[in-house]
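I'd like to ask some things about the structure below.
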Amino acid sequence: MTVPFVLLLVGALAAAMTPRLLSRAAWPEREPVLALWVWQCVVGAVLLCCVLAMALSAAAASAAVRWHLFGFAPHGVVDAYGLPGYGRWAGSLAILLACGGVWTAAMLTREVRGARARRRRRRADLLVRSPRLPGEEPPAGDRLVVLEGDRPDAWWLSGAQPQLVVTTAALRRLKGRQLDAVLAHEQGHVRARHDVLLHCAGALASGFPQVPVFAGFRDQVHRLIELAADDTASRRFGRLTTALALVELNEDRGVFGPCPTPLAELPRRVHRLLDPAPRLAPVRRASLTATALLVPAVPLLIAFVPGLSALA
């Protein structure tokens, strides 16, 4: 079972080492979109290692699976993997990895259903707080909802018809183009489908909390998507305008005081906007992008090398 074990070893090394390497690096805060890409590639590589190891183990344990997997391959390719020599542990390993896949799908389903339930509750609450008059039809393309409220707040309500919800206190606080910056920030989340990343990261971390790469992915994705959305807004309306909008929306929540709060990341985001570090050079960004793209290629290379060697 050389190939499945090598795949699992590579996946375990990537799962254990990546969070440490990325947590020590300084560039993710300067390039949050690139950091998200690297995390996705590494997580995809770990999952790919498990899927390929499961497929080869199942092919060794079952002639039916072997026929579906190698049905159109030359006879020498099947012999190159030495499937009959995998032993009785092949079936157990395949079942164990298949159970992990089913558990992952169950966690993702639970995460998506929970998100939909929360969205329905928020829309129902929004309808109660901002009711329509009898016979009033929602205007086409109505993407901005204003709520009466003493607390400045703004959030994007995702779904089939996404809407930006802003309180009247936020409208009084936000000056000039600050409201446009907030809108651009929230639209950056929607266009980049950050909700999908949050669902996937939450499902993997909930299903396998002991796996470092999944826990790190969940912890980092929240911070990185906010930094990426900040950059989207600052490119259109300036860093100072975006920073002031963040301050105006969150000043009354105590997040800028000495005591830590759940929103303690906000002061760092504001400081990052007001005193930005230089971006990476284009060559460095391209090299990191290409390197991250090669990470999922490693398990594919390990899995296909015996067959390609037989063909050669």
Side-chain angles (χ1 to χ4, degrees), residues 2-56 97 100 104 188-189 191-205 208 210-232 234-235 265 268-269 272 276-309 312:
T2 304
V3 176
F5 280 151
V6 171
L7 286 168
L8 292 177
L9 178 61
V10 170
L13 289 175
M17 295 177 59
T18 300
R20 297 180 183 179
L21 294 175
L22 289 180
S23 63
R24 296 173 183 173
W27 62 265
E29 187 166 319
R30 299 159 63 184
E31 299 289 346
V33 175
L34 181 56
L36 286 170
W37 168 251
V38 172
W39 274 106
Q40 291 175 75
C41 287
V42 173
V43 170
V46 172
L47 296 177
L48 192 57
C49 285
C50 296
V51 170
L52 292 173
M54 179 191 68
L56 291 174
L97 292 173
T104 302
H189 287 312
R191 290 171 181 167
R193 298 306 305 270
H194 287 159
D195 57 328
V196 176
L197 279 179
L198 290 173
H199 294 333
C200 293
L204 290 172
F208 306 95
Q210 292 82 16
V211 180
V213 72
F214 296 154
F217 184 43
R218 178 196 56 192
D219 295 339
Q220 291 298 315
V221 72
H222 287 274
R223 183 176 70 93
L224 292 174
I225 63 173
E226 292 299 333
L227 297 183
D230 288 344
D231 290 345
T232 299
S234 65
R235 281 194 293 268
E265 187 67 27
R268 288 191 287 270
R269 288 169 55 193
R272 174 179 176 270
R279 296 192 63 185
L280 298 179
V283 175
R284 178 79 186 284
R285 293 202 301 270
S287 64
L288 286 173
T289 302
T291 302
L293 189 59
L294 290 176
V295 174
V298 172
L300 292 174
L301 186 63
I302 294 172
F304 287 120
V305 157
L308 294 175
S309 301

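Numbering of residues begins at 1 and proceeds along the displayed sequence. Predicted model only: the values in this text are computed from it and were never measured.
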Which residues pass the side-chain hydrogen bond (donor to acceptor under 3.5 Å, both in side chains) test with Glu31, sequence neighbours left out?
Arg279
Closest heavy-atom pair, Gly188 versus His194, reported as atoms and distance to 0.1 Å, is O-CE1, 4.0 Å
Residues two or more places apart in sequence or in another chain: which of them pass side chain to side chain contact (heavy atoms under 4.5 Å, CB included) with Val196?
Arg193, Cys200
Contacts table for residues 215-223: side-chain donor-acceptor under 3.5 angstrom, sequence neighbours left out:
{"from": "Gln220", "atom 1": "OE1", "to": "Arg223", "atom 2": "NE", "distance (Å)": "3.4"}
{"from": "Gln220", "atom 1": "OE1", "to": "Arg223", "atom 2": "NH2", "distance (Å)": "2.9"}

What pairs with Arg269 under side chain to side chain contact (heavy atoms under 4.5 Å, CB included), at least two apart in sequence or on another chain?
His185, Glu226, Leu227, Asp230, Leu246, Glu265, Leu266
Gap between atom CG of Leu300 and atom CG of Leu294 - 0.5 Å precision
11.0 Å
Per the side chain to side chain donor-acceptor pair (under 3.5 Å) rule, what does the pair list look like for residues 284-295, sequence neighbours excluded?
none
Contacts under 3.5 angstrom, residues 3-29 side chains, donor-acceptor by atom type, not counting sequence neighbours:
{"from": "Thr18", "atom 1": "OG1", "to": "Ala14", "atom 2": "O", "distance (Å)": "2.7"}
{"from": "Ser23", "atom 1": "OG", "to": "Pro19", "atom 2": "O", "distance (Å)": "2.9"}
{"from": "Ser23", "atom 1": "OG", "to": "Arg20", "atom 2": "O", "distance (Å)": "2.9"}

Could you tell me which non-hydrogen atom of Ile225 sits nearest to which non-hydrogen atom of His189, and how far apart they are?
O-CE1, 3.3 Å
For His199, enumerate each residue passing the ring pair (Phe, Tyr, Trp, His ring centres under 6.0 Å) test, keeping only those at least two apart in sequence or located in another chain.
none
Heavy-atom nearest pair, Phe208 first then Gly100, reads CZ-O, 3.5 Å
With sequence neighbours excluded, residues passing side chain to side chain contact (heavy atoms under 4.5 Å, CB included) with Ser234
Asp231, Arg239, Thr242, Leu273
Below 3.5 Å, can you tabulate the donor-acceptor pairs from side chains in residues 41-56 to any protein atom, sequence neighbours excluded?
none

